[in-house]
**Student:** 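Let me give you the structure first, and then I'll get to my questions.
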Amino acid sequence: MSTKELMKVLVTRRIPQEGLDVLTNAGICDVSVWDSDEPVPRSELLKRVQGAHGLFCMLSDRIDTEVLDAAGPQLKVISTLSVGFDHLAIDEIQKRGIRVGYTPDVLTDATAELTVALLLATARRLPEGIQEVKSGGWSSWKPLWLCGYSLSGSTVGVIGLGRIGLAIAQRLKPFGVRRLLYTGRQPKPQAQEVDGEYVPLDTLLRESDFVVVSCALNPDTRALCDKTFFSMMKKTAVFINTSRGAVVNQEDLFEALSTGQIAAAGLDVTTPEPLPTDHPLLTLTNCVVLPHIGSATYSTRGTMVKLSVNNLLAGLSGDAMPSELKL
Ligand code: NDP
Ligand code: DGY
């Protein structure tokens, strides 16, 4: 195939060389990469996407009508290096007959592990403890110092018992969780594996000691966790979110945390990302914020890249994708 006949592919971030090699060696595409660890600026994205047949993007790239128009009608496939797809204008993409590849399953274990780590760090106040050791605040063993909340004998509520929600529940149960509640659009047969009880959201909030958000971001879940939501939670409850920042109204969360409406929160995702260093949430000792590292293990990221590359190549060739989002 001559260079002229190669399909144009834009990769919006530096990815491991092995991934690029697979793309290039397939011999069907001419690959251009935004060769940086930082996101491609919007103006560059709009310029570089022109004429692309394939777009390999990240969750931080907003792929909307403007980008699709800039790309042009030849765009066949978008492959996102994520399982979440709230950054993609799905209706418009569907209208244009563009196929979408994503990365379900391969990051489930890593994200569930991180969620458990964040939950324990938040409930047992690990960042505060570490800080006290470093600052000299540790004067002696004290009966009531740095006490937190235990999973043993607790009720855990999971909002969105999908792939990751279930994997979180499976990992939490062996800590001695007494009841596992969940809510969502409908009961899930797989809930049996964790003895999960399907309950309405308000019941889950009133009865849970730990509330874990693991749903997708969609119109129903955007800003779901607001003043009313937090007002239904126990004062001793811990709130954990590893889904998307926009599920939470952060002003209401700040209010709930600073007034003692809830005990603590652990967030792996925020709005915006990165969260500005002077953000009010970062002034609170009962709020633990991580920089969106749910899937960040070496092996998981490697597998995600491979899957995304294979999704892209299959989409370009018109073949079945290993993981195609059903639109
Ligand atoms: P799934 O599609 O398997 O699970 C999403 C769940 O959300 C489904 O069970 C769905 O329920 C539920 N849901 C949708 N709407 C609602 C609603 N209104 N109320 C309650 N539940 C709802 O996806 P995954 O488990 O693979 O991933 C979940 C999300 O986790 C991703 O969309 C992404 O945003 C986030 N994520 C974050 C990571 C991180 O690094 N922090 C890493 C990976 C993912 P139903 O089936 O009934 O619609
Ligand atoms: C996703 O895949 O949606 C995560 O947010 C990053 O792995």
Side-chain angles (χ1 to χ4, degrees), residues 13 15 39 56-61 63 79-88 90 100-119 157-171 181-191 193-194 196 198-205 208 211-226 229 240-248 266-271 273-275 288-305 307-308 311 323-327:
R13 198 75 65 92
I15 61 168
F56 185 116
C57 68
M58 312 288 131
L59 57 91
S60 47
D61 303 315
I63 309 301
S79 176
T80 182
L81 188 68
S82 61
V83 67
F85 50 86
D86 47 280
H87 55 300
L88 308 178
I90 291 298
V100 174
Y102 72 143
T103 63
D105 301 314
V106 298
L107 43 57
T108 295
D109 288 347
T111 309
E113 278 175 15
L114 188 280
T115 307
V116 173
L118 177 59
L119 185 149
V158 179
I159 300 179
L161 200 73
R163 289 172 291 250
I164 296 170
L166 181 68
I168 294 167
Q170 286 165 336
R171 283 158 177 76
L181 312 180
Y182 75 101
T183 193
R185 292 190 273 211
Q186 70 262 320
K188 302 271 177 194
Q190 62 268 32
E193 289 177 39
V194 288
Y198 183 66
V199 292
L201 178 62
D202 60 334
T203 306
L204 181 146
L205 295 176
S208 297
V211 172
V212 181
V213 184
S214 187
C215 57
L217 174 62
N218 58 38
D220 293 337
T221 60
R222 186 172 290 277
L224 173 74
C225 310
D226 62 2
F229 177 106
I240 302 296
N241 180 22
T242 56
S243 63
R244 284 291 182 267
V247 164
V248 177
L267 313 172
D268 183 44
V269 286
T270 60
T271 310
E273 293 184 2
L275 195 64
V288 178
V289 182
L290 299 178
H292 201 149
I293 53 171
S295 64
T297 70
Y298 293 111
S299 59
T300 299
R301 287 288 166 81
T303 308
M304 286 168 68
V305 168
L307 177 56
S308 302
N311 282 338
S323 284
E324 179 162 4
L325 182 65
K326 301 284 172 272
L327 299 179

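Order of listing sets the numbers, starting from 1, for every ligand and every atom in it. Computed from heavy atoms alone, side chains included, the values below leave out hydrogens, waters and symmetry copies.
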**Student:** Regarding atom 35 (C) of ligand 1: of the candidates S243, A167, G184, which has the closest heavy atom?
**Tutor:** S243
**Student:** Quick check: G162 and ligand 1, any N/O pair under 3.5 Å apart?
**Tutor:** yes
**Student:** Which atoms of ligand 2 have any heavy atom of G84 under 4.0 Å away?
**Tutor:** 1 (C), 2 (O), 3 (O)
**Student:** Fit a plane to each ring of Y182 and Y198, take the angle between them on a 0 to 90° scale, and name the class: parallel (under 30°), tilted (30 to 60°) or perpendicular (over 60°).
**Tutor:** tilted
**Student:** Is the contact between L59 and ligand 2 made by the side chain, the backbone, both, or neither, using heavy atoms and a 4.0 Å cut-off?
**Tutor:**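 Within the 4.0 Å criterion, L59 contacts ligand 2 through side-chain atoms alone.
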**Student:** In ligand 2, which numbered atoms sit nearer than 4.0 Å to a non-hydrogen atom of S82?
**Tutor:** 1 (C), 2 (O), 3 (O)
**Student:** Within the 4.0 Å heavy-atom shell around L161, which atoms of ligand 1 are there?
**Tutor:** 9 (O)
**Student:** Starting from atom 23 (O) of ligand 1, find the nearest protein heavy-atom neighbour and note its residue, name and distance.
**Tutor:** R163 NH2, 3.3 Å
**Student:** Do N218 side-chain atoms and D220 backbone N/O form a donor-acceptor pair below 3.5 Å?
**Tutor:**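 It does hold such a pair.
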**Student:** Decide whether an N or O pair under 3.5 Å exists between N218 and ligand 1.
**Tutor:** yes
**Student:** With a 3.5 Å distance limit and no angle check, can you tell me whether N241 reaches the backbone of L267 through a side-chain donor-acceptor pair?
**Tutor:** no
**Student:** Using atom types as modelled and distance alone, determine if a side-chain donor or acceptor of D86 lies under 3.5 Å from a backbone N or O of L217.
**Tutor:** no
**Student:** Please work out which of S82, A246, A216 has its closest non-hydrogen atom nearest to atom 32 (O) of ligand 1.
**Tutor:** A216
**Student:** Please list, in number order, the atoms of ligand 1 under 4.0 Å from a heavy atom of R244.
**Tutor:** 33 (C), 34 (O), 35 (C), 36 (N), 37 (C)
**Student:** What protein heavy atom is closest to atom 42 (C) of ligand 1, reported as residue, atom name and distance in Å?
**Tutor:**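 Looking at atom 42 (C) of ligand 1, the protein heavy atom closest to it is T111 OG1, 3.3 Å.
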**Student:** What atoms of ligand 2 come within less than 4.0 Å of a heavy atom belonging to M304?
**Tutor:** 7 (O)
**Student:** Would you check whether K188 has a nitrogen or oxygen atom less than 3.5 angstrom from a nitrogen or oxygen atom of ligand 1?
**Tutor:** yes
**Student:** Is the backbone N or O of L224 less than 3.5 Å from a side-chain atom of T221, with the two atoms forming a donor-acceptor pair by type?
**Tutor:** no
**Student:** Closer than 3.5 angstrom, by distance alone: can the side chain of D109 be matched with the main-chain N or O of A112 as a donor-acceptor pair?
**Tutor:**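 No, D109 side chain to A112 backbone: no donor-acceptor pair under 3.5 Å.
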**Student:** Ignoring hydrogens and angles, tell me if any N or O in the side chain of T115 forms a donor-acceptor pair with the backbone of T111 under 3.5 Å.
**Tutor:** yes
**Student:** Examine ligand 1 and decide if any of its atoms is less than 4.0 Å from a heavy atom belonging to T242.
**Tutor:** yes
**Student:** With a 4.0 Å cut-off on heavy atoms, is S295 in contact with ligand 1?
**Tutor:**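 In this structure, S295 qualifies as a contact of ligand 1 - some heavy atom is under 4.0 Å.
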**Student:** Do the side chain of T103 and the main chain of S82 share a donor and acceptor less than 3.5 angstrom apart?
**Tutor:** yes
**Student:** Tell me: protein heavy atom nearest atom 28 (C) of ligand 1, and distance?
**Tutor:**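 Nearest protein contact, heavy atoms only, for atom 28 (C) of ligand 1 is S214 O, 3.7 Å.
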**Student:** Pull out every atom of ligand 1 sitting under 4.0 Å from any heavy atom of D220, numbered as shown with elements.
**Tutor:**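 Selected atoms, number and element: 18 (N).
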**Student:** What protein heavy atom sits nearest atom 22 (C) of ligand 1, and how far away is it?
**Tutor:** C215 CB, 3.7 Å
**Student:** For ligand 2, find out whether one of its N or O atoms is nearer than 3.5 Å to an N or O atom of R244.
**Tutor:** yes
**Student:** Give, for atom CG of L59 and atom NE2 of H87, the distance between the pair rounded to the nearest 0.5 Å.
**Tutor:**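 Separation between the atoms: 6.0 Å.
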**Student:** Run V248 and F229 through side-chain contact (heavy atoms from CB on, under 4.5 Å) and show every step you take.
**Tutor:** CA-CA 10 Å; V248 177; F229 177 106; over 6 Å; no
**Student:** Relative to the heavy atoms of L107, which atoms of ligand 2 are at a distance of less than 4.0 Å?
**Tutor:** 2 (O), 7 (O)
**Student:** Counting only N and O atoms by type, is there a donor-acceptor contact under 3.5 Å from the side chain of T183 to the main-chain atoms of V199?
**Tutor:** yes
**Student:** Which residue supplies the protein heavy atom nearest to atom 47 (O) of ligand 1, what is that atom called, and how far is it?
**Tutor:**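 In this structure, atom 47 (O) of ligand 1 has Q186 NE2, 3.0 Å as its nearest protein heavy atom.
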**Student:** Would you mind checking which non-hydrogen protein atom is closest to atom 2 (O) of ligand 2, with the distance to 0.1 Å?
**Tutor:** V83 N, 2.7 Å
**Student:** State the atoms of ligand 2, each with its element, that fall below the 4.0 Å cut-off from a heavy-atom position in H292.
**Tutor:** 4 (C), 5 (O), 6 (C)
**Student:** Could you tell me which atoms of ligand 1, counted from 1 in the order shown, lie closer than 4.0 angstrom to a heavy atom of D268?
**Tutor:**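 Within the 4.0 Å cut-off of D268, ligand 1 contributes 39 (C), 40 (O), 41 (N).
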**Student:** Give a yes or no answer on whether the side chain of S295 reaches the backbone of A110 with a donor-acceptor pair at less than 3.5 Å.
**Tutor:**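 Checked: no pair found.
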**Student:** Considering the heavy atoms of H292, write down every atom of ligand 1 situated less than 4.0 Å from one of them.
**Tutor:** 39 (C), 40 (O), 41 (N)
**Student:** Regarding atom 16 (C) of ligand 1: of the candidates T108, I164, T183, T221, which has the closest heavy atom?
**Tutor:** T221
**Student:** Where is the nearest protein heavy atom to atom 48 (O) of ligand 1: which residue, which atom, and how far?
**Tutor:**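 Minimum-distance protein heavy atom for atom 48 (O) of ligand 1 reads R185 NE, 2.8 Å.
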**Student:** To the nearest 0.1 Å, how far is atom 7 (O) of ligand 2 from its closest protein heavy atom, and which atom is that?
**Tutor:**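 Of the protein heavy atoms, S295 OG, 2.7 Å lies nearest.
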